[in-house]
Number of protein chains: 2
Amino acid sequence: MATGRTHRPATRSRGIPEATVARLPLYLRALTALSERSVPTVSSEELAAAAGVNSAKLRKDFSYLGSYGTRGVGYDVEYLVYQISRELGLTQDWPVVIVGIGNLGAALANYGGFASRGFRVAALIDADPAMAGKPVAGIPVQHTDELEKIIDENGVSIGVIATPAGAAQQVCERLVAAGVTSILNFAPTVLSVPDGVDVRKVDLSIELQILAFHEQRKAGEEAAAAEPGAVIQTPKESGKGPDGDVPAVMPA
Amino acid sequence: MATGRTHRPATRSRGIPEATVARLPLYLRALTALSERSVPTVSSEELAAAAGVNSAKLRKDFSYLGSYGTRGVGYDVEYLVYQISRELGLTQDWPVVIVGIGNLGAALANYGGFASRGFRVAALIDADPAMAGKPVAGIPVQHTDELEKIIDENGVSIGVIATPAGAAQQVCERLVAAGVTSILNFAPTVLSVPDGVDVRKVDLSIELQILAFHEQRKAGEEAAAAEPGAVIQTPKESGKGPDGDVPAVMPA
DNA sequence: CCATCTTTGTGCACGCGTTCACAAAGACAT
DNA sequence: ATGTCTTTGTGAACGCGTGCACAAAGATGG
């Protein structure tokens with residue numbers, strides 16, 4: 001999620017809830033897989049299972065886009081692929097720059113998922129002069145000095161930051177000043193941006209820490225169950241097993 | 001936040017809301033930075049600004065952990081660092097295996113954020129025999145055949161999947177069968193796991209698609225403001241439904 | 001044309017998360 | 001002590017997201 005002061009409170013984009021928007025790519029991926037298998041139609045139940053969500057949720061999500069299904073039959077796969085692609089803006093070409101070509105930046109440049117759907121790596125940018133000209137994923141790395149020119153000439157509006165944390169804010173400001181209005185940030189820092197600029201953050205270590213929290217909890221409960229005398233702060237569970245109703249983590 | 005969401009439904013672990021848990025690492029990072037600058041105390045307002053959240057939210061988050069602040073003064077930085085670390089389970093050592101040492105896997109292995117906080121890369125695993133023995137980030141890659149043995153001997157409970165999508169589910173099943181109960185998945189697939197196993201997903205292309213959605217909306221609004229009445233991006237109806245499609249832009 | 005069956009689309013209720021606003025608590029000066 | 005000032009901790013209201021459950025819509029068969 002965007003971490004800085006990033007979200008405009010009002011203006012629910014055309015009435016489509018943010019939670020729904022976040023799931024559309026998931027549906028799109030499942031639909032694409034079906035399309036490749038030449039499946040003509042799919043029911044909300046089947047598609048929901050493939051995407052790992054509740055079928056009622058999926059139907060409600062689709063209802064925000066319009067009535068694209070046929071009662072008694074389901075959804076036309078090809079048609080839905082097109083509608084969701086259009087809704088997400090994937091029918092147009094999005095030039096993207098990646099700043100910071102270290103291990104992660106190189107991985108991103110090589111990542112097939114980008115090119116596959118509307119996104120095109122317009123340039124790779126790094127501050128290290130030694131990197132300049134060196135090709136990564138078939139694209140020559142350019143020096144940070146060229147940043148503004150590259151963005152302007154290619155009409156780039158989406159930037160990916162894969163620099164060390166220390167450089168991120170500065171890079172961000174240059175990107176924004178040059179005209180970028182959407183940023184995907186991999187650096188472990190909170191970016192501050194002006195209104196009108198979207199920031200989404202991907203933080204590897206945060207994800208791991210969240211997993212560790214749950215892992216610890218699981219371990220604690222186990223220990224408590226095995227040795228009732230141990231004082232591990234767990235909620236009193238009326239005698240029966242600890243947390244008897246832990247739901248499936250992911251329907252998947 | 002990263003990710004695609006992969007939410008855990010209810011089950012407020014020990015009464016701490018999931019949303020709060022997801023923010024604790026953020027607070028921890030901000031606090032660590034303050035600690036390194038030897039700042040003794042910090043107010044909720046300052047810390048909230050540093051973490052990029054609302055101060056009331058931060059105070060409520062902390063209230064779930066206990067009353068660690070001093071009214072009229074703020075929070076003791078060192079004390080809070082310790083409390084949050086303990087809460088997240090970072091005071092113990094978490095051995096982690098990374099499966100799939102491609103570009104991304106290598107980037108993860110080199111990522112400093114892991115080792116810095118409780119996490120230790122116990123092993124790198126890849127299916128390619130040619131990779132075996134080759135050191136990445138100073139750790140020799142081991143073949144997938146060794147997976148079960150490695151997990152067992154190191155007591156690994158957290159696994160990171162950085163394989164291609166096609167291999168992810170199979171790798172996941174082997175990890176789970178071998179005893180892993182928390183998985184961080186970078187492969188663009190929905191993993192299905194048994195109850196009791198946590199999965200968090202990080203999907204680069206989904207994040208980009210969400211940005212594209214907002215970007216498209218911004219562009220549409222701009223155009224609509226500049227030239228009211230103009231129909232942006234008329235979808236070309238290819239065969240299907242006769243419904244006169246909704247324009248991609250809301251009416252000015 | 002009618003009956004039946006399937007599946008969508010959605011009204012509704014519920015619970016979680018966010019935010020406001022303020023009383024309580026402590027620091028500090030007088 | 002007493003009063004003032006700062007900042008925490010939280011009750012309460014509100015809004016969003018989720019999931020149930022069902023009526024409406026269309027397909028299908030007789």
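Residue numbers begin at 1 in each chain, while the letters A, B, ... track the order of the sequences.
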Phosphate contact (dG9(C) OP1 or OP2) by Tyr75(A) side-chain N/O below 4.0 Å: yes

For atom CZ of Phe62(A) and atom P of dT10(C), their distance in whole Å: 14 Å

Asn54(A) vs dG17(D): side-chain N/O to OP1/OP2 distance below 4.0 Å: no

Integer-rounded Å distance: dT7(C) P and Lys57(A) NZ: 22 Å

Ala19(A) side chain, from C-beta outward: closest of dT18(D), dA27(C), dT8(D): dT18(D)

Sidechain-backbone polar pair: Ser35(A) side chain, Leu31(A) backbone, donor-acceptor under 3.5 Å: no

No-H, no-angle donor-acceptor pair, Lys60(B) side chain to dT18(C) base, under 3.5 Å: no

Nucleotide dT7(D), atom P - distance to CG of Asp76(B) in whole Å: 16 Å

Leu58(A) CG - dG9(C) P separation (whole Å): 10 Å

Under 4.0 angstrom between Arg23(B) side-chain N/O and dT18(C) OP1 or OP2: yes

Ser44(B) side-chain N/O to dT8(D) phosphate OP1/OP2 under 4.0 Å: yes

Base dT7(D) paired with Arg71(B) side chain (donor-acceptor, <3.5 Å): no

Test item: Ile183(A) and Leu191(A) side chains (from C-beta on) under 4.5 Å apart, heavy atoms: yes

Interatomic distance, Arg59(B) CZ vs dC20(C) P [rounded to whole Å]: 10 Å

Check: Lys201(B) and Glu207(A) side chains under 4.5 Å, non-hydrogen atoms: no

Length of the CG-C1' vector between Asp61(B) and dT10(D), whole Å: 13 Å

Proximity to the side chain of Glu18(A) - top-ranked nucleotide from dG9(D), dT8(C), dG17(D): dG17(D)

Residue pair Leu80(B) / Asp76(B), side-chain heavy-atom distance below 4.5 Å: no

Whole-Å gap separating P (dT6(D)) and CD (Glu46(B)): 14 Å

Distance flag, aromatic centroids of Tyr68(A) and Tyr79(A), threshold under 6.0 Å: yes

Separation of dG9(C) C1' from Tyr64(A) OH (nearest whole Å): 12 Å

